[in-house]
Amino acid sequence: MSFKSKTEQSSRSFVSKKWTFLLCLSCFCAGILFTNRMVAVPESKAIMRTTAVEAEKLKLISEGCNLKAKGEKHVSKDIIGEVFKTHHAIQTLDKTISNLEMELAAARAAQESLHGGSPLSEDVSRVGSSRKRKYLMVIGINTAFSSRKRRDSVRATWMPQGEKRKKLEDEKGIIVRFVIGHSATSGGILDRAIEAEDKKHGDFLRLDHVEGYLELSAKTKIYFATSVALWDADFYVKVDDDVHVNIATLGETLVRHRKNPRVYIGCMKSGPVLSQKGVRYHEPEHWKFGETGNKYFRHATGQLYAISKDLASYISINQHVLHKYANEDVSLGSWFIGLDVEHVDDRRLCCGTPPDCEWKAQAGNICVASFDWTCSGICRSADRIKEVHRRCGEERAH
């Protein structure tokens, strides 16, 4: 009995220890699992929170970069705009300085003429008052001592006289003058004859220049230098005294090119360079234009052409270094080689005499100038220019 009870007690005691151990082990494991879960959840939440914060930071940084880029782009545009404005201001200033230099040089040219003792017309004495007025164009009619009949025929046709010429100047801004220098013996009979004619008509521009056929290039140069000093005009025109001109049509033609500061208008040609001595239009410096048989560069035919004020001022400023060739129209064309000049080829400036200019007038395409190519002007112009004027003049067309 006692032994049995002892055995049961020991067995019961063993079972209790075994269950106690298992229970403790279970609790331990459960505690570990619970602890791990408690730690894992906050860490994941912390990671998520960290990721969100970092994303927000990245977004702010990105937006900051974009704002910076936009700001830099805006600043860049502002800088470019300022650079453009500065460049434009510099260009405007350069042009203003250039214009002032041209006007100063032109004024000096006029002053030199005044103090040179040359027989200049009364126009020179009106330099100060004339410079205040802006004109459309100055037309210089190239003439010689022996061309009195030609001048009278021009006065009787397309060149207004007296009050009409003054009205043309005051209302239309168009100056018209015969252009002539002086004889080799200044103050001689030829000069006195011109002075008497000028006193009667008051339509001469006298140059400080010795007249002569071989001196036409020099005369052309001095004409532009003198006229730009006397009159502030948009255009300066040279025409021969044996050519018929429609002044209003010429003015309408030139006005179209007013916006171009450097324009050269005429009937452009490129004739052969004549190397043979003794022929008309012989070029002593033919070798400068290449081999025999070569042609000149493009230039306006000498009967009539027009240049803008900037080009006339350029001639005035550089007249002492501009080279003169044998032919006046070639010389003028050579002075513009290498410059940024627009060459305008307008065939209305070189129409033929009737019936050519008459047909064109009837068709509504009035000619600016008419002459005969065979004579480099109107053949027997003193006798025929009245007929040309009657049949081709703009008054008849209107």
Side-chain angles (χ1 to χ4, degrees), residues 105-106 109-110 112-114 116-121 123-124 137-148 150-151 154 159 175-188 190-191 193-195 197-198 203-231 233 235-243 245 264 266 280-285 299-307 311-336 369 371 376-377 381:
E112 287 175 4
S113 298
L114 281 168
S118 57
L120 297 177
S121 66
D123 288 319
V124 178
M137 61 180 170
V138 175
I139 303 174
I141 307 172
N142 187 38
T143 192
F145 289 112
S146 60
S147 299
R148 174 63 187 264
R150 286 185 180 181
R151 290 192 292 274
V154 169
M159 180 181 180
I175 304 290
V176 188
R177 296 286 189 276
F178 287 107
V179 179
I180 196 167
H182 57 83
S183 64
T185 55
S186 183
L190 295 176
D191 293 315
I194 292 296
E195 289 168 11
E197 189 178 344
D198 189 24
D203 54 6
F204 277 93
L205 171 61
R206 304 296 302 280
L207 303 178
D208 183 14
H209 166 74
V210 178
E211 285 291 322
Y213 180 76
L214 297 178
E215 297 298 325
L216 288 178
S217 293
K219 183 177 181 179
T220 300
K221 186 193 299 184
I222 296 170
Y223 158 63
F224 284 119
T226 304
S227 59
V228 80
L230 292 174
W231 298 288
F235 298 97
Y236 298 85
V237 182
K238 177 262 173 181
V239 60
D240 290 339
D241 61 4
D242 56 353
V243 173
V245 179
Y264 173 33
R280 193 180 185 187
Y281 306 126
H282 165 64
E283 179 57 75
E285 297 181 274
H299 62 281
T301 186
Q303 284 82 359
L304 185 147
Y305 50 73
I307 62 174
L311 296 184
S313 298
Y314 172 80
I315 293 172
S316 176
I317 292 169
N318 300 285
Q319 57 182 305
H320 301 298
V321 295
L322 293 176
H323 186 70
K324 302 184 296 293
Y325 290 101
N327 300 302
E328 159 251 335
D329 51 357
V330 172
S331 295
L332 183 74
S334 72
W335 299 337
F336 302 146
F371 58 89
S376 296
S381 65

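What you are looking at is a predicted structure, and each value in this text was computed from that prediction instead of being measured.
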For this session: Kindly assign one of parallel, tilted or perpendicular to the pair Phe204 and Phe178, based on the angle between their ring planes and the thresholds 30° and 60°.
Result: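 Phe204 vs Phe178 ring planes: tilted.
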Exercise. For the residue pair Phe336 and Tyr314, does the interplanar ring angle fall in the parallel (under 30°), tilted (30 to 60°) or perpendicular (over 60°) class?
Worked result: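 Because their plane-to-plane angle lies in the 30° to 60° range, the rings of Phe336 and Tyr314 count as tilted.
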For this session: In sequence, state the C-alpha distance, the side-chain angles, and the governing distance for Leu190 and His182, and then conclude on side chain to side chain contact (heavy atoms under 4.5 Å, CB included).
Result: CA-CA 8 Å; Leu190 295 176; His182 57 83; over 6 Å; no
Roughly how far, to the nearest 0.5 Å, is the [atom2] atom of [Y] from the [atom1] atom of [X]?
{"X": "Ile222", "Y": "Ser227", "atom1": "CD1", "atom2": "OG", "result": "11.5 Å"}
{"X": "Leu304", "Y": "Ile139", "atom1": "CG", "atom2": "CD1", "result": "8.0 Å"}
{"X": "Arg177", "Y": "Ile141", "atom1": "CZ", "atom2": "CD1", "result": "10.0 Å"}
{"X": "Ser316", "Y": "Phe224", "atom1": "OG", "atom2": "CZ", "result": "11.5 Å"}
{"X": "Phe145", "Y": "Ile194", "atom1": "CZ", "atom2": "CD1", "result": "6.0 Å"}
{"X": "Thr226", "Y": "Trp231", "atom1": "OG1", "atom2": "CH2", "result": "9.0 Å"}

Which pair of heavy atoms, one from [X] and one from [Y], lies closest together, and at what distance?
{"X": "His282", "Y": "Ala326", "result": "O-CB, 3.5 Å"}
{"X": "Ala369", "Y": "Val243", "result": "CB-CG1, 3.9 Å"}
{"X": "Ala306", "Y": "Val237", "result": "CB-CG2, 3.8 Å"}
{"X": "Ser376", "Y": "Phe371", "result": "C-CD1, 4.4 Å"}
{"X": "Ala312", "Y": "Tyr236", "result": "CB-CD1, 3.6 Å"}
{"X": "His209", "Y": "Glu215", "result": "CE1-O, 3.3 Å"}

For this session: Check the pair Leu332 / Ile315 against side chain to side chain contact (heavy atoms under 4.5 Å, CB included), numbers first and verdict last.
Result: CA-CA 9 Å; Leu332 183 74; Ile315 293 172; 3.8 Å; yes
For this session: Please test Asn142 against Leu216 for side chain to side chain contact (heavy atoms under 4.5 Å, CB included), starting from the C-alpha separation and ending with a verdict.
Result: CA-CA 9 Å; Asn142 187 38; Leu216 288 178; 3.8 Å; yes
Taking [Y]'s backbone N and O only, do any of them form a donor-acceptor pair with [X]'s side chain (distance below 3.5 Å, no angle check)?
{"X": "Trp335", "Y": "His323", "result": "yes"}
{"X": "Lys221", "Y": "Gln319", "result": "yes"}
{"X": "Tyr223", "Y": "Val179", "result": "no"}

Exercise. Is Arg151 close to Met159 at the side-chain level, that is, under 4.5 Å between some pair of heavy atoms?
Worked result: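 No, too far: nothing below the 4.5 Å cut-off.
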Exercise. After noting the C-alpha distance and the side-chain angles of Asp240 and Lys238, does the key distance pass the salt bridge (charged side-chain N to carboxylate O under 4.0 Å, His left out) rule?
Worked result: CA-CA 7 Å; Asp240 290 339; Lys238 177 262 173 181; 2.7 Å; yes
Problem set entry | Distance-only donor-acceptor check, side chains Asp191 and Ser183, under 3.5 Å |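 Distance-only check passes for Asp191 and Ser183.
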Exercise. So, Ser381 and Asp242: side-chain donor and acceptor under 3.5 Å apart, yes or no?
Worked result: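 Note: Ser381 and Asp242 side chains miss the donor-acceptor criterion.
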For this session: For side chain to side chain contact (heavy atoms under 4.5 Å, CB included), just list the numbers for Tyr305 and Thr301, CA-CA rounded to whole Å, side-chain angles, deciding distance to a tenth of an Å, and then say yes or no.
Result: CA-CA 7 Å; Tyr305 50 73; Thr301 186; over 6 Å; no
Exercise. Does the distance from a Lys or Arg side-chain N to an Asp or Glu carboxylate O, for Lys219 and Glu211, drop under 4.0 Å?
Worked result: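 Result for this pair is yes, salt bridge flagged.
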